[in-house]
Amino acid sequence: MESKACTYSLAVKTSHVLPPDTNSHGTLFGGKLMAHIDDVAAISAGRHARKPVVTASTDSVDFLAPVKEGDTICVEAFVTWTHNTSMEVFVKAVTEDLLTGDRKVCTTAFMTFVAVDDDGKPTPIPSVYPVTSQQKNLHESAPVRAERRKERRKHSKEVASTFGTDFPWNQGD
């Protein structure tokens, strides 16, 4: 498989923030923004892999500025790093007041996707290489984030095992 530049996977989506998308504060529902993020990141991952992809993890979604009704939200994503069957995708969301032109980065996130074959099993993907200095920075720091993901996943499995599938009202403690 031929390696691909980070830019090859760039995906961008701009949406108008309308009243049904907002909460009682007149700002975009966090869950709605997370759906935009997952959608654009999945497109980016699929574009890189040229195979079906599934969301494996979200490192964090940091809400840095509110997105107000009437603003636009522009979500950008690209693959920063790959490892055999998985890929890390960086996502940035920018809100814009169309009347003033004021723009703010409102959210950043790192997500991991896995490419799957027709049987739903992980399948190899091309490697990725950075071109710009920003891409190089993200690419070089990706192994540290991957190790943190691995540790967090281990901890999540331990917590899941501790709590199990019982209903909370059936717990003796």
Side-chain angles (χ1 to χ4, degrees), residues 4-50 52-83 86-115 125-153 155-156:
K4 298 177 182 178
C6 292
T7 309
Y8 178 84
S9 64
L10 179 64
V12 180
K13 173 183 179 181
T14 302
S15 298
H16 208 149
V17 179
L18 300 172
D21 303 324
T22 62
N23 58 31
S24 60
H25 303 288
T27 59
L28 184 64
F29 280 115
K32 182 75 173 178
L33 180 51
M34 291 169 66
H36 285 304
I37 288 168
D38 191 47
D39 182 37
V40 176
I43 291 168
S44 176
R47 181 172 286 153
H48 176 81
R50 293 295 175 195
V53 297
V54 294
T55 307
S57 73
T58 302
D59 286 12
S60 64
V61 176
D62 298 313
F63 300 109
L64 306 172
V67 180
K68 298 174 186 160
E69 179 185 328
D71 288 355
T72 61
I73 185 75
C74 179
V75 182
E76 307 168 17
F78 63 90
V79 174
T80 59
W81 188 71
T82 57
H83 185 280
S86 65
M87 61 208 101
E88 177 188 81
V89 178
F90 173 68
V91 184
K92 174 182 80 171
V94 175
T95 183
E96 179 179 0
D97 181 322
L98 292 176
L99 301 179
T100 66
D102 185 36
R103 294 170 50 88
K104 295 178 186 163
V105 174
C106 59
T107 307
T108 61
F110 285 97
M111 302 186 69
T112 304
F113 289 83
V114 174
I125 57 169
S127 61
V128 69
Y129 61 89
V131 176
T132 69
S133 60
Q134 291 174 329
Q135 292 169 357
K136 288 176 185 175
N137 183 315
L138 292 174
H139 185 79
E140 289 168 3
S141 57
V144 172
R145 288 188 298 277
E147 188 58 36
R148 287 183 191 146
R149 270 182 221 110
K150 187 176 177 182
E151 287 299 315
R152 190 180 71 238
R153 183 172 174 80
H155 180 355
S156 292

Original post:
Any donor and acceptor pair, going by atom type alone, linking the side chain of K92 with main-chain N or O of V105 inside 3.5 Å?
Top reply: no
**OP:** Heavy atoms only: give me the nearest G70-L98 pair and the separation to one decimal.
**Re:** O-CD1, 4.4 Å
Subject >> R153 and S57 side chains, donor-acceptor separation under 3.5 Å >> reply: no
Original post:
At what distance, to the nearest 0.5 angstrom, does CG of L64 lie from OG1 of T107?
Top reply: 6.0 Å
Subject >> Over all atoms of both residues, closest heavy-atom pair of T22 and L28 >> reply: CG2-N, 4.1 Å
Subject >> Separation between CG of D97 and CZ of R103, rounded to the nearest 0.5 Å >> reply: 11.5 Å
Original post:
Which atom pair, heavy atoms only, marks the closest approach of C6 to P130?
Top reply: SG-CA, 3.7 Å
Subject >> From CD (E96) to CD1 (I73), nearest 0.5 Å >> reply: 10.5 Å
Subject >> Atom pair CD1/CG of I43 and D38 - distance to nearest 0.5 Å >> reply: 10.0 Å
Original post:
Is D59 salt-bridged to R148, going by a charged N under 4.0 Å from an acidic O?
Top reply: no
**OP:** Let me see the working for S9 and M87 under side chain to side chain contact (heavy atoms under 4.5 Å, CB included), right down to the final yes or no.
**Re:** CA-CA 11 Å; S9 64; M87 61 208 101; over 6 Å; no
Original post:
Are side-chain N/O atoms of H36 and K13 paired as donor and acceptor at under 3.5 Å?
Top reply: yes
Original post:
Do F78 and R47 come close enough that some side-chain heavy atom pair is under 4.5 Å?
Top reply: no
Original post:
To the nearest 0.5 Å, how far apart are NE2 in H25 and CD in E69?
Top reply: 13.5 Å
**OP:** With the side chain counted from C-beta on, respond yes when F113 and H48 share a heavy-atom pair under 4.5 Å apart, and no when they do not.
**Re:** no
**OP:** Name all residues meeting the side chain to side chain donor-acceptor pair (under 3.5 Å) criterion together with Y8; count only those two or more places apart in sequence or in a different chain, and write none if there are none.
**Re:** R50
**OP:** Work out which heavy atom in V79 is nearest to a heavy atom in A45; give both atom names and the distance.
**Re:** CG2-CA, 4.1 Å
Original post:
For the atom pair CD1 (I37) and CE (M111), what is the distance rounded to the nearest 0.5 Å?
Top reply: 7.5 Å
Original post:
Partners of F110 by ring pair (Phe, Tyr, Trp, His ring centres under 6.0 Å), sequence neighbours excluded?
Top reply: F90
Original post:
Is the number of heavy atoms from other residues, nucleotides or ligands within 6.0 Å of NE2 (H16) greater than 12?
Top reply: yes
Original post:
What is the minimum heavy-atom distance between C74 and V12, and which atoms define it?
Top reply: SG-CG1, 3.6 Å
Subject >> Nearest atoms (heavy-atom pairs only) where V53 meets A115 >> reply: CG1-CA, 4.1 Å
Original post:
Taking C-beta and beyond as the side chain, do V91 and V40 meet within less than 4.5 Å on heavy atoms?
Top reply: no
Show the atom names and distances, to 0.1 Å, of all donor-acceptor pairs under 3.5 Å that link a side chain in residues 139-147 to residues at least two apart or in another chain.
from : atom 1 : to   : atom 2 : distance (Å)
H139 : ND1    : T80  : O      : 2.8
S141 : OG     : N137 : O      : 2.9
S141 : OG     : L138 : O      : 3.3
S141 : OG     : R145 : NH1    : 2.7
R145 : NE     : E88  : OE2    : 2.8
R145 : NH2    : E88  : OE1    : 2.8
R145 : NH2    : L138 : O      : 2.7

